[in-house]
Amino acid sequence: MAQDRNADAYDFSAIEARWRDFWSERGYFQTDTSAREGTYYYLNMFPYPSGYLHVGHGRNYIIGDVITRVKIMRGLQVLNPMGWDAFGLPAENAAIENETHPWTFTKKNIETSKEQFRNWGVQFDWDREVTTCLPDYYKWTQWLFIQLYKNGLAYKKKATVNYCPTCDTVLANEQVVGGECERCGTAPEPRDLEQWFFKITDYAQRLLDDLDKLEKWPDNVVKMQENWIGRSEGAEVVFKTQTGDAIPVFTTRPDTLWGATFMVLAPEHPLVDTLATEQQRDAISSYRDQAARASEIDRLATDREKTGVFTGGYAINPASGEKIPVWIADYVLMAYGTGAIMAVPAHDERDFAFAIKFGLPIIPVIKRTDGVAKSLVFPDSVDDNFACRLDALHIEYDRRPVGDLGEGLFVTLHGDDQIDKYVELMRENLSPNNWNEIVGARWAFVFNDGVLELDSTASDRKILSRCKAIYPPIQKNRTVMEMLNGLSFYQDILFHAEYGDMMNSGDFAGTPGCKAKAAVTAWLEEQGIGKGTINFRLHDWLISRQRYWGAPIPMIHCDVCGQVPVPEDQLPVLLPETKFIGKMGLADIPGYADTTCPTCGGPAKRDTDTMDTFVDSSWYYLRFINSQSTDKIFDRGDVDHWLPVDQYVGGVEHAILHLLYARFITKALHDMGHLGFQEPFARLFTQGMVCHVAYRCANHGWLYPKDVTTDDKTCPRCGKALEISSFKMSKSKRNVVDPKEIVDFYGADTERLYTMFMGPPDRDIDWTDEGIRGAFRFLNRVWHLIVPNIERLANVGAIADPDTLDEVGVSLWRRVHRTIKKVSEDIEERFSFNTAVAAIMELFNELSPYIAGDTADAALLRQAVDSLILILSPFTPFVCEELWQRTGHEDSILDQSWPNYEAIALEEDTLEIPVQVNGKLRARITVSAAVAASANELKTAALANERIQEAVEGKQLLKAIAIPGKMVSLVIK
RNA sequence: GCGAGGGUGGCGGAAUUGGCAGACGCGCUAGCCUUAGGAGCUAGUGCCUUCGGGCGUGCGGGUUCGAAUCCCGCCCUUCGCACCA
């Protein structure tokens, strides 16, 4: 270090070593949770101890440390705890690889991460540390399970679940992301297994409703949860098969019931076997096999062509009484609704596509709301004067060729009146042996002997056969709609999903769109064939896992007594010790399952599943309040005071899983009487990811940036040009920045400052090596500004008197107060750390020449320097403590109050007011505050300005607008 | 396809309520200092310019004295959901 040669150098490593343990030794971050006044609970999402944290992780914790330090200076009793989400597969897999115990691996990682926090200067109340894989924690995870079980919120059932063959365990719905296991990317396969579930669906409505209360959550997270819960309002309608079985369906459009011309069941629907006719059996079973094999990915591809098979069976449409065919198709999901749908092809895009493909009838039952209809007049179907007659009626049409048949008229009609006139005209003009159709707002087929409406499957058949007789090339078409769909002119008008007036629906015809849904629902209930229902996309939470490294499910299975929870005084059910030589679950460990029944004392078996790690993290924020408590999970009085968490911060990747589960568990505990609140996190902030440049060679894969040495970025091994892109830091892409390198090279303060200054914290951002040098230089400048001037600061009061200051002094004095205000608001209210740092830099930029000048006021100097150190200290605590001490203070900065600003200093006595002429900036005038406050005086001042007079001279002043304190705008001609 | 963000200099970004676009930083240019530093200091830096000024916040319209900001229509981009009946 330069220390020996230059005593004034910014020797960050010596400074950081001096203060590294100071704060924890003095206990500034230890919290008394029995406190009831002025408390503040700040929480970062606790990490999985993966081995080391990179600078991207640092963003999360540095934000927390900055806020915590400000709140401590505000005099609040602050709780900022940390723990480890320590169960889970990576530790187990690492243990297998090294033939060690997962805890050995986890423990080492925890120690490493703690050291990283220490080096960053990021402080926590370590006395409250929780580690989810330790018995004193998972005892309470098991206790929570038993409470849920006793309240009917945990149950076991056989279900088709997503099983990941790579991870050798089942996955929750939420853990299947885009049809892949969120951890390893393997496509899960469906398996029928007995599994434990938490009944989160009981809380679906409340989880949705209470989102409204979360005003201080980011909108996108609220939206994501809303979509995930997926509430839809509709009706359940019971269809009967010909054999008498009931098939309930869920629909959001009961008003379209009359248009249900077929049904579709999910391939795995239990009634398929009953419905299937002998000749369809082979086709059905091969389709079912194919559907079961198809990966989720294939099945979810939206633009995939519809597939399906007729069961051979029929059901009765309870509204129209028509016999309708029942099909199976994989676009109907067993997991949603009832696993069966009524298909209304005229008003649902998917059903329409399916009906067209398989030739099923399509009957419109809801009127278009725009009144638009189309009609294609075929060549020679009318005489040459027809177009003139259309003109006379002001009907819109285009003349275009129809295939190679000659020119046709492509007519577009608007409104019933015009349609009526057109139909009349067509009846009078249609040449013999022709027909003409009107589609859209009307479904009419004009023949030489009359008009047929497409209003039922019977009329569909009748119209089609007449058309075929007239025009044989359409022989292959199975329905009228299929025929019309062959003409591209009609394709955009054949189906619509709007709410419109009902038609072709018996007595309900004419019911207006706005009342249709309610009217039909009421009728269904009257008839006893259906009822209004609400359906949720959210499923119950599958929590069973078949691996070792998780909290054992504390249940016992007794042949005599059935399922029995482990008595609470026997918790925890400990994980058995074992050797890790391959993938295993508790079921594979000899002797683990053998136990006695707590009820009858007979031989019994323990449940061998462990819990999803999201159970561990669904309640940890409660445990921090009384983490040492051995006789209860937490103290209700303390928890009710400290929660909801005042500020929760973490990655947006947890927007659904963790945050939804935590909300559910909080509500469940509330309902059981353990908590006095229903939402765990009052205010949420999701920070963006830190990305870094990643280099990829087509031949040699990902390269470390340090190995890319050539200016033109070529592969060091083959010289090929590299692909350069930016990704979230990850080991596999070799673009991780190790905080140790930064701390060793520039110091932790520099890393902290740069991390906060990079950009808005909620956005993804690139880490750049140039950017960090700027932060380092700033700290150097601060150091070199203050240290040589320490003597000038000694023995001076720190309150400047503005009356004794010169012009530059007053300006600096104002700047100090303005900066304090901005930095406070930016940190505490706006979460805008980058602009807070920028404001501090601006203060520095004004302070710097003031110190250099020889007219500086000593008290102002002292006040400015003190303020600068104090407001900078949350960002760069090490160097600020050092400077604070060197400038003659004895206490720690954390003993100081966060500085207040004086309102009087924010009132400028002169203002610079911009003057616009015709919207263009033409001058800036300097006026007193009094003038600026008066619109009239401001106008006068503006017009008196030389440059403005030049601009206005000889012109007519039409308008003069003065906004006091802001600007003047003149309009001239 | 649906939903939510975002698009501003060479780069990251600022503009908090419709009121001076580009704060702050990086990079770059020129110079100074010398205990030759991972430093420090000074000046400049949106584009064009005939040096008057003109243009400029993805594109095209609109409202307004005044628009990065509000409205309408597009384009691009990131993220989430996605055959959800």
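Here is the naming used below: chain letters follow the sequence lines, and residue numbers restart at 1 for every chain. Values reported hereafter were calculated over all heavy atoms of this structure, with side chains retained and with hydrogens, waters and symmetry mates removed.
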**Student:** Where does B:G58 fall, syn or anti, if syn means a chi angle no more than 90° from 0?
**Tutor:** anti
**Student:** For A:Glu842 and B:G25, give me the distance from atom CD to atom P, rounded to whole Å.
**Tutor:** 8 Å
**Student:** So, do A:Phe354 and A:Trp327 have ring centers that fall under 6.0 Å from each other?
**Tutor:** yes
**Student:** Considering heavy-atom distances to RNA chain B, does A:Ile656 or A:Val837 have its closest nucleotide positioned more toward the 5' end?
**Tutor:** A:Val837
**Student:** Pick base, sugar-phosphate or nothing for A:Asn535, based on heavy-atom distances below 4.0 Å to the nucleic acid.
**Tutor:** nothing
**Student:** With a 4.0 Å cut-off on heavy atoms, is A:Arg947 in touch with a base, just the backbone sugar-phosphate, or nothing at all?
**Tutor:** sugar-phosphate
**Student:** Both distances below 3.5 Å, Watson-Crick or wobble geometry, any strand: find the nucleotide opposite B:C79.
**Tutor:** B:G3
**Student:** Assess the pair A:Phe878 and A:Phe12: is the distance between their ring centroids shorter than 6.0 Å?
**Tutor:** no
**Student:** Nearest whole Å is fine: how far is B:U64 P from A:Leu970 CG?
**Tutor:** 19 Å
**Student:** Should A:Glu226 and A:Lys223 be marked as a salt bridge (charged side-chain N to carboxylate O under 4.0 Å, His left out) after you check the CA-CA gap, both sets of side-chain angles, and the distance that decides it?
**Tutor:** CA-CA 5 Å; A:Glu226 214 175 284; A:Lys223 258 280 155 350; 3.7 Å; yes
**Student:** Using a heavy-atom cut-off of under 4.0 Å over every strand shown, decide if A:Lys821 touches base, sugar-phosphate, or nothing.
**Tutor:** nothing
**Student:** Out of B:C81, B:G25, B:A23, which nucleotide sits closest to the side chain of A:Ala838?
**Tutor:** B:A23
**Student:** Counting the atoms with a prime plus P, OP1 and OP2 as sugar-phosphate, which does A:Asn780 contact under 4.0 Å by heavy atoms, base, sugar-phosphate, or nothing?
**Tutor:** sugar-phosphate
**Student:** Which listed nucleotide (B:A4, B:A85, B:C65) is nearest to the side chain of A:Leu333?
**Tutor:** B:A85
**Student:** Nearest to the side chain of A:Arg537 - B:C65, B:A85, B:A82?
**Tutor:** B:A82
**Student:** Roughly how many Å is it from CD in A:Glu825 to P in B:U17, rounded to a whole number?
**Tutor:** 12 Å
**Student:** Of all the nucleotides listed (B:G38, B:A14, B:G3), which has the minimum atom distance to the side chain of A:Phe745?
**Tutor:** B:G38
**Student:** Contact class for A:Arg922 (heavy atom, under 4.0 Å): base, sugar-phosphate, or nothing?
**Tutor:** sugar-phosphate
**Student:** Classify the glycosidic conformation of B:G52 as syn or anti, calling it syn when the angle lies within 90° of 0.
**Tutor:** syn
**Student:** From C-beta outward on A:Met224, which listed nucleotide comes closest to its side chain: B:G38, B:C24, B:G80?
**Tutor:** B:G80
**Student:** Checking all strands, does A:Thr768 fall into the base, sugar-phosphate, or nothing category for heavy-atom contacts under 4.0 angstrom?
**Tutor:** nothing
**Student:** Would you tell me whether A:Gln205 and A:Arg231 have side-chain atoms, one donor and one acceptor, within less than 3.5 Å of each other?
**Tutor:** yes
**Student:** Measuring from the side chain of A:Asn834 (C-beta onward, heavy atoms only), which nucleotide among B:G27, B:G13, B:C83 has the closest atom?
**Tutor:** B:G13
**Student:** Please tell me which of the listed nucleotides, B:A39, B:G25, B:G19, lies nearest to the side chain of A:Arg781?
**Tutor:** B:G25
**Student:** B:A4, B:G19, B:U16: which one has an atom nearest the side-chain heavy atoms of A:Asp826?
**Tutor:** B:U16
**Student:** For B:C65, which nucleotide in any strand shown is its Watson-Crick or wobble partner with both distances under 3.5 Å?
**Tutor:** B:G19
**Student:** NA contact type, A:Met967, heavy-atom cut-off 4.0 Å: base, sugar-phosphate, or nothing?
**Tutor:** base
**Student:** So which nucleotide from B:C65, B:G40, B:G13 ends up closest to the side chain of A:His784?
**Tutor:** B:G40
**Student:** Taking for each residue the nucleotide of RNA chain B with the nearest heavy atom, is it A:Ile765 or A:His539 whose nucleotide lies nearer the 5' end?
**Tutor:** A:Ile765
**Student:** May I ask you to say what A:Asp219 touches in the nucleic acid, namely base, sugar-phosphate or nothing, with a heavy-atom cut-off under 4.0 Å?
**Tutor:** nothing
**Student:** Can you tell me the distance, in whole Å, between the CD1 atom of A:Ile229 and the P atom of B:C81?
**Tutor:** 15 Å
**Student:** Just checking A:Gly774: base, sugar-phosphate only, or nothing, at a heavy-atom cut-off of under 4.0 Å?
**Tutor:** sugar-phosphate
**Student:** Please determine, for B:C28, whether a Watson-Crick or G-U wobble partner exists with both distances under 3.5 Å, and give it or none.
**Tutor:** B:G44
**Student:** Side chain of A:Lys223: nearest nucleotide among B:C26, B:G3, B:G38?
**Tutor:** B:G3
**Student:** Considering every strand and a 4.0 Å limit on heavy-atom distances, what is the contact class for A:Asp766: base, sugar-phosphate, or nothing?
**Tutor:** nothing
